[in-house]
Trainee: 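Would you mind keeping the following structure in view while I ask a few things?
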Amino acid sequence: MATFLYKMGRFAFRRRPFVALAWVALLVLAGVGAASASTATSSSFSIPGTEAQKAFDLLDERFPGAAADGATARVVFKAPEGERMTDAGHREEVEKVVGGLKSGAGADQIASVVDPYAGKALSRDGTTAYAQVSYKVSGMELTEAAREALVEAGDEARDAGLTVEIGGDALQAVPETGSGEIIGVAIAAIVLVITFGSLIAAGLPLLTALIGVGIGISTITALANVLDLGSTTSTLAMMIGLAVGIDYALFIVSRYRAELAGGREPEDAAGRAVGTAGSAVVFAGLTVVIALVGLAVVNIPMLTKMGFAAAGTVVIAVLIALTLVPALLGFAGRKVFGRKARKRQGEVAAAGAGKPNMGTRWARFVLRRPVAVLVTAVVGLGIVAVPAASLEMGLPDDGSQPVSTTQRKAYDLLSDGFGPGFNGPLMLVVDVKGAEEPKDALAKVTDTVKGMDGVAATVPGPLNKAGDTSVVTVVPKDRPSSEGTEELVRSIRDAGTDLTSDTGAEVLVTGSTAMNIDFSQKMNDALLPYLALVVGLAFLLLMVVFRSVLVPLKAALGFLLSVVAALGAVVAVFQWGWLASVFGVEQTGPVMSMMPIFMVGVVFGLAMDYEVFLVTRMREAYVHGERPGQAIVTGFQHGARVVTAAAVIMMAVFAGFIGSSESMVKMIGFGLAIAVLFDAFVVRMAIVPAVLALLGKKAWWLPRGLDKVLPNVDVEGEQLRKELDDDGAGGDASGERELVRA
């Protein structure tokens, strides 16, 4: 591995114009594809294998067009205190709004507008009414004219004294890259400048990461409609791609500088940097890819596509680190050092003879007090993880929007006027194909459900043309995300078995509320199998890398600590509301259903990055004959500063997404940023050296049978050094050229 990557690094260094132009050409090609692609729509949402999805598919089959995925909106009207919506003046204003929507801007995208008075959409007390607007296209496909017409529809009615708010997914827009993400990149740039002391060295990781993200995001945009990729897919790909792209390039550039400082010629230094640090990049990238691609085991198409798209950006980041970074280093040469550094000679020797760096001092401190450090770190993470025991999950709806938004205000008006369950009605798809008396069976189903606790109202619909299917709308007494509504769904499904045996009718519960419940359950059921798959595969991979059993085991256990602690922090902020104002959380509520399994996947991959980069240096020192304790110090001496910089950069990139107006993106950004903080600075910087210090030589133990079976990938570059030394490469560049030609 190291030898092959050494050759690749030197080739990219020598052929730098060709390599750089090839990547620029790819960026241009992807950009042209993105620019010529049609506007992306929201990704279709399906949950294969669930009752809600089965009912939805049956509804689509028996009522063609009824399950259309066009956007919807509710324009909600509230009369002033002491007045009613049935008053002539108010009725006139509402009819003006309805008429304006039907004939105004964007009317060509509207399928129908239901007048509140014609559709009987009035509350019992007459103070609240709503107009239902159905569109022919999804919210992502709505033109700005249509969206503005909807937003401005109630302006005249407001002037007349009515309260007018708008809910529904028609106002949904593609999340935009805001100032938060830009600030995150700016912080990354500052950290790189401080780390390297050179603008050129700091600029290389940023430039290559942006090129990689540009290629990845443009490709996703170009294929969005073909592969049915939603807007969140590109946001996740950008988040992960920026973080790992900067980090991987950072490690290559850092190793290149170290090789130059050790007296290597630039071309040889680039080859050695890619051969050693590049090996760690490959395996670190593989762990991230395994974690992201592994999301496919959940069997939710949307999540699978998100995982594969993000994994694609990671692969691009790895390839750029191995090829474009050494090519750009060829252009930079020794300018990766600042002017003062270039004037100094023997930088490495001088550093070694001077005051020990912070990494060395910290490693020696841990070696003196391994038990105290280990206990403090584990207990600290355990305390932070306590809120995770109170985790409540759900999917966001308008009720989770900030209270200042019109969607949330419309949600609250409907809840007050029509009851809490009105915002999340259940749909009972009743298949009476096997019933002897379809109408009687439908009536029996309706009466049974109507008598259940938790049901506010039932509205039976007509049979379809074939006379074999009907839809019964059930309005719960409780709000959509409540435990009461979840219990009602379970009760209806339990009663469905008896109803089928009594009437021959099959009853299936669906609707957005039931879909959310099934989604959360499926995520819970998939968590342990997913965790076993990802951790198992990564364990095998790390065993190959470190040629040890205990080091990968320690890495996996440390990851579990950091991810549970990160979940605890997410619960404390987004569910309990602790420090909510600090992070811009306007509305607390259940944690997004996909958050635990998503964090397990992404955080595990990123956590293994630091494990590979830091412990590989220790393994390298141990293989070269150092004692276990000294190998830990050496690993921190060379790797702690760079790993710290990489972690701060990754945290800055993720934290930049906390400023997003999209609640899901905000939560993911916070969760990943806090997880990196815990994993890099508590687990990898404290728990890892403490455990390795306690284990001593046993840390690197590998059974003989496994030693023979496992391939030797030479991550530490031992075979590479032997080949270079055999060819007289230590000081003669001609020997190295012969190796490259081989």
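If you read the sequence from its start, that first residue is 1, and numbering goes on from there.
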Trainee: Do the non-hydrogen side-chain atoms of Thr446 and Pro460 ever get within less than 4.5 Å of each other?
Mentor: yes
Trainee: Check whether the ring centres of Phe77 and Tyr130 lie less than 6.0 Å apart, and answer yes or no.
Mentor: no
Trainee: Go through the structure and list residues passing side-chain contact (heavy atoms from CB on, under 4.5 Å) with Ala309, not counting sequence neighbours.
Mentor: Ile220, Thr233
Trainee: Applying side-chain hydrogen bond (donor to acceptor under 3.5 Å, both in side chains) between Arg62 and each of Asp57, Asn464, Asp431, report the one that passes.
Mentor: Asp431
Trainee: Could you tell me which non-hydrogen atom of Val213 sits nearest to which non-hydrogen atom of Met238, and how far apart they are?
Mentor: CG1-CG, 4.1 Å
Trainee: Going by atom types only, do Asp416 and Thr128 share a side-chain donor-acceptor pair under 3.5 Å?
Mentor: no
Trainee: I'd like to know if the side chain of Gln575 pairs up with that of Thr588 as donor and acceptor (distance under 3.5 Å, no hydrogens or angles considered).
Mentor: no
Trainee: Hey, do the aromatic rings of Tyr411 and Phe422 have their centres closer than 6.0 Å?
Mentor: no
Trainee: Would Ser218 and Thr221 count as having a side-chain donor-acceptor pair, cut-off 3.5 Å?
Mentor: no
Trainee: Restricting to non-hydrogen atoms, name the atom on Asn299 and the atom on Pro48 that form the minimum distance, rounded to 0.1 Å.
Mentor: O-CD, 3.4 Å
Trainee: Is there side-chain contact between Met85 and Arg91, with heavy atoms separated by less than 4.5 Å?
Mentor: no
Trainee: Whether the side chain of Glu486 engages the backbone of Ile517 through a donor-acceptor N/O pair (distance < 3.5 Å, no angle test) should be reported.
Mentor: no
Trainee: Applying salt bridge (Lys or Arg N to Asp or Glu O under 4.0 Å), run through Asp155 and Arg158 and close with a yes or a no.
Mentor: CA-CA 5 Å; Asp155 286 350; Arg158 291 188 185 97; 2.9 Å; yes
Trainee: Rounded at 0.5 Å granularity, tell me how far NE2 in His90 sits from NZ in Lys78.
Mentor: 11.5 Å
Trainee: Evaluate the side-chain proximity of Leu463 to Lys439: yes if any heavy-atom separation is below 4.5 Å, no if none is.
Mentor: yes
Trainee: Does a sphere of radius 6.0 Å around CG in Asp108 hold more than 12 heavy atoms from other residues, nucleotides or ligands, not counting ones at 6.0 Å or beyond?
Mentor: yes
Trainee: So, Arg147 and Glu152, do they make that salt bridge, N to O below 4.0 Å?
Mentor: no
Trainee: Do Thr513 side-chain atoms and Gly424 backbone N/O form a donor-acceptor pair below 3.5 Å?
Mentor: yes
Trainee: Strictly below 4.0 Å, N to O, side chains only: are Arg490 and Glu487 in salt-bridge contact?
Mentor: yes
Trainee: Ignoring hydrogens, what is the shortest heavy-atom contact between Glu506 and Thr500? Give both atom names and the distance.
Mentor: CA-OG1, 3.8 Å
Trainee: Would a distance-only check, ignoring hydrogens and angles, find a side-chain to backbone donor-acceptor pair under 3.5 Å from Gln109 to Tyr135?
Mentor: no
Trainee: Is there a side-chain contact between Val449 and Val472, using heavy atoms and a 4.5 Å cut-off?
Mentor: no
Trainee: Indicate yes or no for a side-chain donor-acceptor contact from Thr485 to the backbone of Asp478 under 3.5 Å, with no hydrogens or angles considered.
Mentor: yes
Trainee: Is it the case that the ring center of Phe670 lies less than 6.0 angstrom away from the ring center of Phe654?
Mentor: no
